[in-house]
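See below for the structure under consideration.
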Amino acid sequence: MSAVLPHVVEGRRIEVRGIVQGVGFRPQVVRLARARGIVGEVRNVGTAAVIDAYGMPAALRDFEARVRGLGRGGLRVDSLVSSTIAVPAQPPAVFEIAPSAAAQPGLGVAPDWATCPACVAETLDPFSRRYRYPFTACTDCGPRLSVFQHAPYDRAHTTMARFPLCADCAREYADPDDRRFHAQATACHACGPKATLRRLDGHAFSLDALTSLDAIDAATTLIGKGEILLVKGLGGYQLACDAMNADAVARLRDLKRREAKPFALMVRDVDMLSAFCAVDAPALAALTSAAAPIVLLPRGAALLAPGVAPGLASLGVMLPPTALHHLLMRRRRAPIVLTSGNLSDEPQAITLDDAAARLGSHVNYVLDHDRAIERRVDDSVGRVVAGTFRVMRRARGHAPAPLPLPPGFDASVKVLALGGDLKNTFALLRDGNGLLSQHIGDLHDAACLADQQRALADYERFYAFEPDRVAHDAHPGYASTRLAQERYAGRTVAVGHHHAHIAACLGEHGWPLDAGPVLGIALDGLGFGDEGELWGGEFLLADYRTCTRVGTFKPVALLGGDAAAREPWRCTYAHLMAEMGWPRFAMNYAELELFRWLEAKPRALLDGLFADPVLAPRASSVGRLFDAVAGAIGLCRERVAYEGEAAMQLEALIGADDLAEDSELDYPFAIPRLDKGRGLPYVEPLAMWQALLGDLILATPPARIAARFHRGLAAVIVRFAAQLAEKHDVTTVALGGGVFQNRVLAELVLHGLAGAGLTALLPRQVPVNDGGLAWGQALVALAHATRSH
Ligand SMILES: [Zn+2]
Ligand SMILES: [Zn+2]
């Protein structure tokens with residue numbers, strides 16, 4: 001070989017960040033380079049990919065532009081930094097993938113991607129060798145996190161290791177021009193995992209009566225006959241039944257001990273989707289993305305079994321995430337309910353023994369397979385708010401994709417953040433990237449807590465991660481706080497709940513560390529604020545390092561402590577007593593059904609609680625304000641079946657007509673100051689309550705009441721924000737907290753803030769609810785560890 005190839009005249013080093021590992025990035029780079037006569041190599045370094053390329057200048061420019069434009073499947077190029085390097089005296093003869101150094105920590109794990117269109121087409125093509133193969137995958141799609149055992153990510157270190165490639169698959173795997181070049185999870189009928197349909201009680205049965213095709217087709221038949229089936233999905237066992245069959249859905253509710261929380265649906269394809277839901281372009285883009293999350297969509301005309309999503313105007317819907325699910329839906333004319341294989345709020349089972357132990361006596365059949373699930377990964381959930389898809393539960397397809405750190409942070413400090421106790425996730429920061437774990441769940445559940453420990457150990461191992469700082473919520477009673485103190489004593493940083501919500505929003509939007517404070521609006525159920533106060537409706541002047549409360553909602557008693565979050569009438573009663581007291585309520589509103597209902601409660605006993613700071617602590621919670629309003633109009637008054645139900649039902653009442661009313665009818669709120677005018681300004685709901693109770697006397701339809709409440713609340717939030725922004729000389733507003741999952745409220749607030757000339761930020765990739773707390777906590781802790789300039 002010649003010393004310098006005649007065409008090699010320039011060398012470039014290109015460092016690419018984003019989601020570039022385990023997603024077929026390097027094979028695509030090889031193809032692009034070879035097609036342009038470029039030699040060199042591509043390798044994974046930490047969480048980035050580095051390319052050394054030698055070739056003609058024009059070819060290199062074109063190559064770089066193509067690399068920047070790569071985005072097939074789950075791949076995402078966030079940034080590309082290119083510099084000139086010397087051409088070696090002995091340049092490489094070809095372009096190839098350099099082996100990853102095995103000892104090198106920080107090799108990223110990619111999320112699990114939904115089956116790509118090319119693999120779906122192959123699976124449905126009778127002339128393909130993967131016809132009806134339920135585990136068809138390529139470099140653009142298939143399992144990652146759910147099968148990953150240890151770094152570096154290649155087949156030997158996944159649960160696919162026990163399926164050696166057949167000659168055909170091996171040829172594809174070695175061919176740079178093939179879609180399966182270096183596809184770690186590729187397989188086929190000859191060499192890969194197999195699906196089986198079995199009776200859970202072990203009794204033999206014949207598939208012949210159900211199908212002439214295969215086990216999956218027989219499973220489709222069983223669902224059509226009204227059976228509830230256990231199905232081994234990508235990240236856990238699931239339960240499936242016919243969404244049109246009221247009896248099957250009711251039995252599924254019984255079996256899961258899940259009273260009212262909505263079930264998610266799976267549809268066959270986009271055509272079926274449009275019959276059952278109203279879908280717009282951003283929702284469609286999310287549904288068909290490589291993440292393939294559950295998307296909350298407005299209900300369409302076609303009717304489903306009433307038990308699918310009782311009282312709600314939206315449905316959680318997904319497209320089939322794997323070839324197995326595509327095949328299961330192939331002959332279906334209507335959606336199926338697809339929900340995690342567990343009881344109420346327990347974590348999803350990932351082994352058949354576990355699933356059978358918990359559900360076995362109520363389920364007859366399981367559609368199983370022999371590829372082990374290494375770790376639980378739930379379905380991701382999100383919805384479109386103000387034209388943008390927002391993740392509400394970050395799991396399959398989203399976790400653990402990296403989140404780039406905003407400018408200004410010290411990338412050398414390693415931070416772990418343990419999140420909150422509800423909707424728990426945890427976060428790791430290192431080398432300029434953040435990583436937010438998959439959704440874990442509610443840490444009050446012992447199984448979820450154990451799951452968190454396992455997942456945490458996993459990530460510490462994958463990334464050889466030993467944190468310098470460990471952030472946790474300021475609440476002393478949280479399980480996550482105790483864990484921080486027990487395991488990481490001396491390195492802990494307590495972060496205010498609402499500060500973390502705002503930091504999470506800022507961080508995702510790339511707000512630089514030293515860009516100064518913004519106005520944060522954090523609205524949620526409850527979190528620990530300064531001096532142990534209970535907060536949930538806060539206006540904060542905040543950046544990553546500091547957080548000062550500059551406004552709030554009126555603090556009202558949580559009557560009965562935790563019981564107030566379960567029984568909305570307690571919030572209604574507490575609000576009415578705080579605003580007007582019983583005699584005035586009785587004098588003006590005795591004709592209301594609400595009055596008679598509350599009158600029947602043991603009022604003397606309840607009123608005795610108001611003085612007790614433990615049984616009736618005061619909280620500025622907007623979540624409980626929603627409960628109070630829902631309870632007043634009779635929605636979930638007695639109790640909620642799941643967290644947030646009352647607010648969701650209230651939002652669900654509102655139609656487009658209701659929002660189009662004259663704004664004069666919006667319920668009014670005032671903004672006086674606490675402590676007789678000396679303290680913080682706060683949102684005072686007295687006038688809202690008077691208007692609402694007046695509407696109840698006039699028998700105003702509940703939908704109108706719900707709309708007037710939402711519009712009035714949004715209006716006061718915007719007015720308050722505008723005042724505070726002017727006073728504190730800021731123009732950016734960051735929103736956080738679970739209340740902003742409410743699409744109607746979030747859109748009204750965003751619209752109003754824009755109208756007031758303010759820039760409003762609402763999270764997209766990080767959940768706005770407590771699922772995003774860990775990311776915010778980590779940024780606050782890292783900000784404190786970064787020296788200011
Ligand atoms: Zn594919
Ligand atoms: Zn094969």
Side-chain angles (χ1 to χ4, degrees), residues 262 278 280 296-300 309-315 383-387 521 523 537 553 568 571-572 575-576 579 589 592-594 622-637 640 644-670 683-721 735 737-756 760 762:
D280 59 4
L296 303 190
L297 295 169
R299 278 177 193 254
L312 299 181
S314 57
L315 295 169
R383 80 189 304 187
V384 172
V385 174
I521 306 180
L523 310 181
F553 273 70
C571 301
T572 313
H575 262 270
L576 293 174
E579 296 304 347
Y589 305 105
L592 289 181
E593 175 270 345
L594 174 65
V622 175
R624 299 295 81 80
L625 174 63
F626 269 87
D627 287 354
V629 168
I633 66 174
L635 283 179
C636 314
R637 183 184 286 162
V640 292
E645 185 189 11
M648 282 166 72
Q649 295 229 7
L650 197 62
E651 181 195 354
L653 288 178
I654 302 171
D657 298 357
D658 304 311
L659 284 176
E661 275 195 313
D662 191 330
S663 62
E664 301 241 316
L665 294 166
D666 296 355
Y667 293 159
F669 290 81
V683 175
E684 164 56 65
L686 171 62
M688 181 282 290
W689 280 112
Q690 288 168 331
L692 185 151
L693 295 171
D695 269 352
L696 282 179
I697 287 177
L698 297 172
T700 305
R704 288 288 150 102
I705 295 180
R708 291 169 188 178
F709 169 68
H710 276 76
R711 293 188 6 154
L713 181 61
V716 74
I717 291 168
V718 169
R719 182 155 55 96
F720 204 174
L735 308 177
V739 167
F740 285 111
Q741 292 172 111
N742 181 315
R743 187 175 58 83
V744 172
L745 183 77
E747 289 183 347
L748 288 168
V749 168
L750 287 173
H751 184 259
L753 290 173
L762 183 66

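Reckoned from all heavy atoms, side chains included, excluding hydrogens, waters and symmetry mates.
Atom CG of residue Leu713 and atom CG of residue Asp666 lie 10.5 Å apart, to the nearest 0.5 angstrom. Here the CG-CD1 distance, from Leu692 to Ile633, works out to 7.0 Å after rounding to the nearest 0.5 Å. Going from atom CG of Leu576 over to atom OH of Tyr589 covers 9.0 Å, rounded to the nearest 0.5 Å. Remark: Ser314 OG to Arg743 CZ distance equals 8.5 Å, nearest 0.5 Å. A distance of 5.0 Å separates CG of Leu592 from CD1 of Ile697, quoted to the nearest 0.5 Å.
Nearest heavy-atom pair across Val629 and Met688 is CG2-CE, 4.0 Å. Nearest heavy atoms, Leu312 versus Ala652: CA-CB, 3.9 Å. Nearest heavy atoms, Ala714 versus Leu748: CB-CB, 3.5 Å. Shown here for Ala630 and Leu650, the closest heavy-atom pair between the two residues is CA-CD1, 4.2 Å. Closest non-hydrogen pair, Thr572 versus Ala628, comes out as OG1-O, 2.9 Å. Between Pro568 and Cys636, the shortest heavy-atom distance links the atoms CG-O, 3.0 Å.
A heavy-atom distance below 4.5 Å is found between the side chains of Arg708 and Thr700. In this structure, Arg624 and His575 have side chains that are not in contact, with every pair of non-hydrogen atoms separated by 4.5 Å or more. With contacts defined as side-chain heavy-atom distances shorter than 4.5 Å, the pair Phe709/Leu625 qualifies. Side-chain atoms of Leu735 and Leu753, non-hydrogen and from C-beta on, do get closer than 4.5 Å to each other. Side chains of Phe553 and Leu523 form a contact here, defined as non-hydrogen atoms less than 4.5 Å apart.
The closest donor-acceptor contact from the side chain of Glu747 to the backbone of Ala386 lies under 3.5 Å. Under the 3.5 Å distance criterion, the side-chain polar atoms of Gln741 are matched with a main-chain donor or acceptor of Gly738. Between the side chain of Arg711 and the main chain of Glu661, a donor-acceptor pair closer than 3.5 Å is present.
Remark: Glu645 does not engage Arg637 in a salt bridge, criterion side-chain N to carboxylate O under 4.0 Å. For Arg704 and Asp658, the salt-bridge test passes: some basic side-chain N is under 4.0 Å from an acidic carboxylate O.
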### Query
Checking side chain to side chain contact (heavy atoms under 4.5 Å, CB included) for the pair Val384/Asp280: CA distance, chi angles, key distance, verdict?
CA-CA 9 Å; Val384 172; Asp280 59 4; 4.3 Å; yes
### Task
Evaluate the criterion side chain to side chain contact (heavy atoms under 4.5 Å, CB included) for residue pair Leu594 and Leu693; output intermediate values, then yes/no.
CA-CA 9 Å; Leu594 174 65; Leu693 295 171; 4.0 Å; yes
### Task
Apply the test ring pair (Phe, Tyr, Trp, His ring centres under 6.0 Å) to residues Phe669 and Phe720: give CA-CA distance (whole Å), side-chain angles for both, the deciding distance (0.1 Å), then the verdict.
CA-CA 10 Å; Phe669 290 81; Phe720 204 174; over 10 Å; no
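For His710 and Phe626, the distance between ring centers is under 6.0 angstrom.
In summary, of the residues considered (Asp695, Ile654, Leu696, Leu653), a side chain to side chain contact (heavy atoms under 4.5 Å, CB included) with Pro702 occurs for Leu653 alone.
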